[in-house]
Amino acid sequence: MPVSAYTAVERGVSNTDTYKVFIKDDEGPISPFHDIPLVATEQPRTLHMVVEIPRWSNAKMEIDTKSPLHPIVQDQKKGKLRYVKNSFPHHGYIWNYGAFPQTWENPNHTDENTGEKGDNDPVDCCEIGGRVANRGDVLEVKVLGILAMVDDGETDWKVMVIDVTDPLADKLNNLDDIEKEMPGFLDVTREWFRIYKMPDGKPANKFGFDGEFKDADFANKIIDETNEFWKQLVGLDEKTEDPGKLDTSTVVVDGANKMSREAAHEIYAETKDFEEGECDAADIDTWHYVHLK
């Protein structure tokens, strides 16, 4: 299915906990976690990604892995909506940030590269093209490399990708191409991930491989491994994993725990029409300097 067949629909009041972004195909609501194929094309290999956080924005949005249909929602901590603070000289996220569907960083598996278990989420990706995407966009992307971040004692891979329709896509095929066409961008990306939690009083994040980015071949091996873990999660493999609190229901995946189209429509219909709400994060535009002290 071409990415143009997927649409994102906002529901509820933005900047509140009622706000959700649902993904639809041409028949209705589906799960961005389970129902969008990971692989877009086999040769040359391209993948699908779901944009959770557009570049320059601060709201910490993520696929809700614990709810049916897995809409994109704003993360909360202690009952408050989360916003990423601006570590000088950055404002918000510096790429279109999102996740690969049909992947799962298994919290029961200790990664041999990091020595830590997975973070129980789909694999994160950073789309580095020139367009500021929209929340809920489904993109076809090319994998360029990967960074092994360790966040609060959990493996949290960050995959560098570019939208295949971006003007730079033909020029970017590996990490060296990024350095050539976008000099300094990989170093800035690593630094962003290192410091982004420091304004909240947390220590700097750490990395596997001493912070070295690994190439596209390595990245694709990690992605394929997490796709196998996803198959075990939803029951498509002889070996199965305990989902814990994760919702494993799908709409279109044969052999998995499927809900009917009618049930999917009912879940969607229970949410309210979209309304614009006011953001009450007073310091959303404030720069923070703690990482420089």
Side-chain angles (χ1 to χ4, degrees), residues 1-14 16-41 46-55 57 59-75 93 95-104 121-127 129 131-141 159 161 163-165 223 226-227 230 233-234 236 243 246-254 256-275:
M1 181 179 294
V3 293
S4 59
Y6 297 105
T7 55
V9 183
E10 297 175 296
R11 303 285 285 179
V13 181
S14 64
T16 75
D17 60 5
T18 69
Y19 177 75
K20 304 175 189 291
V21 179
F22 288 89
I23 309 301
K24 291 184 174 183
D25 64 9
D26 54 5
E27 294 185 48
I30 58 169
S31 163
F33 187 8
H34 300 318
D35 290 320
I36 299 171
L38 169 62
V39 176
T41 62
T46 61
L47 306 179
H48 289 122
M49 76 167 281
V50 180
V51 176
E52 297 164 309
I53 307 172
R55 178 155 46 97
S57 62
K60 183 71 173 66
M61 309 298 298
E62 59 184 17
I63 291 171
D64 184 357
T65 57
K66 299 178 176 66
S67 296
L69 294 181
H70 311 98
I72 298 170
V73 301
Q74 189 163 356
D75 189 26
Y93 286 70
W95 345 256
N96 296 310
Y97 189 73
F100 291 118
Q102 297 187 345
T103 62
W104 179 50
D121 284 324
V123 175
D124 298 323
C125 46
C126 307
E127 194 282 313
R131 169 180 170 262
V132 177
N134 298 305
R135 195 176 290 155
D137 278 355
V138 178
L139 307 179
E140 181 182 349
V141 299
V159 183
V161 302
D163 187 335
V164 297
T165 67
I223 294 164
T226 60
N227 177 243
W230 170 81
L233 175 69
V234 299
L236 297 180
L246 300 185
D247 184 276
T248 60
S249 60
T250 75
V251 179
V252 303
V253 179
D254 291 332
N257 174 29
K258 288 177 70 173
M259 71 168 67
S260 66
R261 286 284 186 175
E262 291 75 18
H265 279 289
E266 288 177 6
I267 292 169
Y268 173 83
E270 288 173 357
T271 60
K272 295 184 178 180
D273 291 341
F274 174 70
E275 294 181 32

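We use all heavy atoms of the structure for the numbers below, so side chains are in, but hydrogens, waters and symmetry mates are not.
The CG atom of L69 sits 10.0 Å away from atom NZ of K20, with the distance rounded to the nearest 0.5 Å. In this structure, the separation between OG on S31 and NZ on K258 is 13.0 Å, given to the nearest 0.5 Å. Note that NZ of K272 is 11.0 Å distant from CZ of R11, once rounded to the nearest 0.5 Å. In this structure, NE2 in H34 is found 10.5 Å from OG1 in T103, a value given to the nearest 0.5 Å. The CG atom of L236 lies 5.0 Å from the CH2 atom of W230; values are rounded to the nearest 0.5 Å. To the nearest 0.5 Å, atom CG of residue D75 and atom CG of residue D17 are 12.0 Å apart.
Remark: E62 pairs with K60 by the salt bridge (Lys or Arg N to Asp or Glu O under 4.0 Å) rule, at least two apart or across chains. In terms of the side-chain contact (heavy atoms from CB on, under 4.5 Å) criterion, residue partners of D247 (sequence neighbours excluded) are, by chain and number, P68, H70, S249.
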- Message: Using side chain to side chain contact (heavy atoms under 4.5 Å, CB included), reason through T18 and E275 one step at a time and then give a plain yes or no.
- Response: CA-CA 10 Å; T18 69; E275 294 181 32; over 6 Å; no

- I would like to know whether D25 and V252 meet side chain to side chain contact (heavy atoms under 4.5 Å, CB included); could you show each step before the answer? CA-CA 10 Å; D25 64 9; V252 303; 4.3 Å; yes

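The closest side-chain heavy-atom distance from E127 to V51 is not below 4.5 Å. Taking 4.5 Å as the limit, some side-chain heavy atom of L233 sits within range of a side-chain heavy atom of T248. With contacts defined as side-chain heavy-atom distances shorter than 4.5 Å, the pair V138/M49 does not qualify. When side chains are defined from C-beta on, I36 counts as touching I30, because their heavy atoms get closer than 4.5 Å.
Ring pair Y93/Y97 is tilted by interplanar angle, where 30° to 60° counts as tilted. Below 30°, between 30° and 60°, or above 60°: for F22 and Y268 the angle between ring planes is above 60°, a perpendicular geometry.
Distance alone, capped at 3.5 Å, is enough to place a donor-acceptor pair between the D163 side chain and the T165 backbone.
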